[in-house]
Colleague: 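Before anything else, here's the structure in question.
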There are 2 protein chains.
Amino acid sequence: MATQKNHHHEHHYKEKDRHLVAVDSIIFGFDKEKLQILLIKRNFEPCLGEWSLMGGFLKKEESLDDAATRVLYRLTGLKNVYLEQLYTYGDLNRDPGARVLSTAYFALIDIEKYQEQLSDRYNAKWWDIEKFPDLIFDHNQMVDRALRRLQRRTRNQPIGFELLPEKFTIPQLQALYEAIHRREMDKRNFRKKILSYDFLDRLEEKDKSNSKKGAFLYKFNEKKYKELVQRGYSFEI
Amino acid sequence: MATQKNHHHEHHYKEKDRHLVAVDSIIFGFDKEKLQILLIKRNFEPCLGEWSLMGGFLKKEESLDDAATRVLYRLTGLKNVYLEQLYTYGDLNRDPGARVLSTAYFALIDIEKYQEQLSDRYNAKWWDIEKFPDLIFDHNQMVDRALRRLQRRTRNQPIGFELLPEKFTIPQLQALYEAIHRREMDKRNFRKKILSYDFLDRLEEKDKSNSKKGAFLYKFNEKKYKELVQRGYSFEI
DNA sequence: CCAAAAGTGTTCAGCTTACACCCATGA
DNA sequence: TCATGGGTGTAAGCTGAACACTTTTGG
């Protein structure tokens, strides 16, 4: 990869327009029943007092991914969470305050790990994905797109686990899938399918928080999943 | 949507870093046998003489989509082509000359409509997707991602037709799908499937360029496809 | 002892896949 | 007349979907 610079080259970049670039994150969580998104009530202009996604401006010395990670950390105190670039919104007047491009990311976090105290600083609140307030700018579109992407991803990549605690039960996992895909599933078929891939390890423990009988806890086994992929099989549910 | 500006608000944007933003296009074509991409040999620094995607810088007064459309038009002389945003590449050192973000788009064009004379100005050349030179920066990654996206899109949206002339034969369509998905398909099954959706209109004409017997020409019927979608059916091949 | 959630198998329909021969025609 | 690509139907296997009862145990 050539790195030489010459006069012609410098000139090439110098005369071009420069732009404000933001990142905005759709943060998904799951409260054991419903799919949720984390929104903030803006305490700054424009659109002070309205609800929006968490965002921030891209800095000179950071990559887009780093900016998204930084913004997410600032709001949730979490690192090493699932974060995926979604789409870049570049319409001229999407932000009434200035011409700003925004690259949207979506994140999947274990809602239990979320540090409540951080909510206050940003007026953050979890909202049910089925019922949340109108958002500023084009943030509604971003959420729509994120949900569709999440639906697609969870169908053929085992990333749903990112929304659950490390140990979870099959009924919890099914409830998560039902919330994401907005439809009920047959519990026999669901269990049969998910266990057939053999990448979930059943533990000895049971979770009795939802029933007297208790449900076995499982853990996602990354190694087994990778072996599955290597063998050419692909997960689909 | 509030549009008021105040001091606080102006301040909010003013202190932020601004960035160079480019768009780069992966332009796909199909020559009745192989899937191709249109590349240019750079006649400017950096990386003069190396092969790259066609690109350009985003201007102050245009949307990202407009920029992609403009860049595509400049190289091909074509408008109203299928163009879809792919991904935004934002690593710090992806362009050795300066910190430049790039939003990649991919385009599907009918190679017959491509105006050859435009090639010269940009040293453009069609390359077989299976065998093209190493590209500058992260452009190889862009092509990889575009091909995967194209494979996915053509599986469940009838956009493959964008790569063919208005009238095409079933064997031509099958050859296109085989090129995109890099695998041979059974001609009976392919024909059965694609015709079962009933959104292709068979014309009276035959194309005899490939055989003595000749193959019937078909046209994609957008209206019938939309009806299919409305009925809740979805195309998949 | 009973309510409430966890757990378990089988059947049927529809779809995908594999597969082989005749047709039309220009040279 | 023959070589070449166009066009057609059927059977087997697999997968997804539908469906009802037993188990466990805390209250």
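Computed from heavy atoms alone, side chains included, the values below leave out hydrogens, waters and symmetry copies. Each chain gets a letter, A, B and so on, in the order the sequences are listed, and its residues count up from 1. All values reported here derive from a predicted model rather than from experimental measurement.
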Colleague: For A:F216, is the NZ or CZ atom of A:R202 found under 6.0 angstrom from the centre of its six-membered ring and inside 45 degrees of the ring axis?
Modeller: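 Here A:R202 passes the 6.0 Å and 45° test against A:F216.
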
Colleague: Round to a whole Å and report the spacing from CD of A:E205 to P of C:dA6.
Modeller: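 For the pair A:E205 CD and C:dA6 P, the rounded distance is 17 Å.
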
Colleague: Closest to the B:K192 side chain: D:dA18, D:dT23, C:dT17?
Modeller: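 Of the options given, the side chain of B:K192 lies nearest C:dT17.
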
Colleague: In whole angstroms, how far is the C1' atom of D:dA17 from the CD1 atom of A:I237?
Modeller: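 Spelled out: CD1 on A:I237 to C1' on D:dA17 is 13 Å.
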
Colleague: Among the nucleotides D:dG7, D:dG26, C:dG26, which one has an atom lying closest to any side-chain atom of B:P171?
Modeller: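 Nearest to the side chain of B:P171 among the choices is D:dG7.
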
Colleague: Distance check needed: D:dG7 P versus B:F216 CZ, whole Å only.
Modeller: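 The distance from CZ of B:F216 to P of D:dG7 comes to 7 Å, rounded to the nearest Å.
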
Colleague: Rounded to whole Å, please give me the gap between CD1 in A:I170 and P in C:dA5.
Modeller: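 These atoms are roughly 18 Å apart.
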
Colleague: B:R188 side chain N/O closer than 4.0 Å to the phosphate oxygens (OP1, OP2) of C:dC19?
Modeller: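 Checking C:dC19 against B:R188, no side-chain N or O comes under 4.0 Å of OP1 or OP2.
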
Colleague: Please state how far atom CZ in B:R202 lies from atom P in D:dG7, giving the value in whole angstrom units.
Modeller: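 The distance from CZ of B:R202 to P of D:dG7 comes to 8 Å, rounded to the nearest Å.
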
Colleague: Applying ring-ring contact (aromatic ring centres under 6.0 Å, His included), run through A:F220 and A:F199 and close with a yes or a no.
Modeller: CA-CA 6 Å; A:F220 176 59; A:F199 55 58; 5.4 Å; yes

Colleague: Check whether any side-chain N or O of B:K213 sits under 4.0 Å from OP1 or OP2 of C:dG26, and answer yes or no.
Modeller: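 So the side-chain polar atoms of B:K213 never come under 4.0 Å of the phosphate oxygens OP1 or OP2 of C:dG26.
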
Colleague: Return the value, rounded to whole Å, for the distance between atom NZ of A:K193 and atom C1' of D:dG16.
Modeller: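 Roughly 7 Å, once rounded to whole Å.
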
Colleague: Regarding B:K125 and the six-membered ring of B:W127, is the cationic atom NZ or CZ under 6.0 Å from the ring centre and inside 45° of its axis?
Modeller: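 Satisfied, under 6.0 Å and within 45°.
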
Colleague: Quickly work out the A:L200 CG to C:dG7 P distance and round it to whole Å.
Modeller: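 Result: 13 Å.
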
Colleague: Between the side chains of A:K193 and A:E236, is the shortest nitrogen-to-carboxylate-oxygen separation below 4.0 Å, so that they form an ion pair?
Modeller: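 No, A:E236 and A:K193 are not salt-bridged.
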
Colleague: Can you check whether B:T76's main-chain N or O pairs, donor with acceptor, with B:Y122's side chain at less than 3.5 Å?
Modeller: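 No: the side chain of B:Y122 does not pair with the backbone of B:T76.
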
Colleague: Which nucleotide, C:dT25, C:dG9, D:dT25, lies nearest any side-chain atom of A:K208?
Modeller: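 Nearest listed nucleotide: D:dT25.
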
Colleague: Is there a side-chain polar atom (N or O) of B:K206 under 4.0 Å from OP1 or OP2 of D:dG6?
Modeller: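 No, outside the criterion.
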
Colleague: What's the closest nucleotide to the side chain of B:N189 if the choices are C:dG7, C:dC19, C:dT16?
Modeller: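 Looking only at side-chain atoms, B:N189 lies closest to C:dC19.
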
Colleague: Send over the distance from B:F190 CZ to C:dA18 P, rounded to a whole Å.
Modeller: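 These atoms are roughly 16 Å apart.
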
Colleague: Does A:K212 or A:D186 map to a spot on DNA chain C nearer the 5' end, using the closest nucleotide for each?
Modeller: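 The answer here is A:K212.
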
Colleague: Go through D:dA20, D:dG7, D:dG5 for me and flag the one nearest to the B:K187 side chain.
Modeller: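 In terms of side-chain proximity for B:K187, the closest of D:dA20, D:dG7, D:dG5 is D:dG7.
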
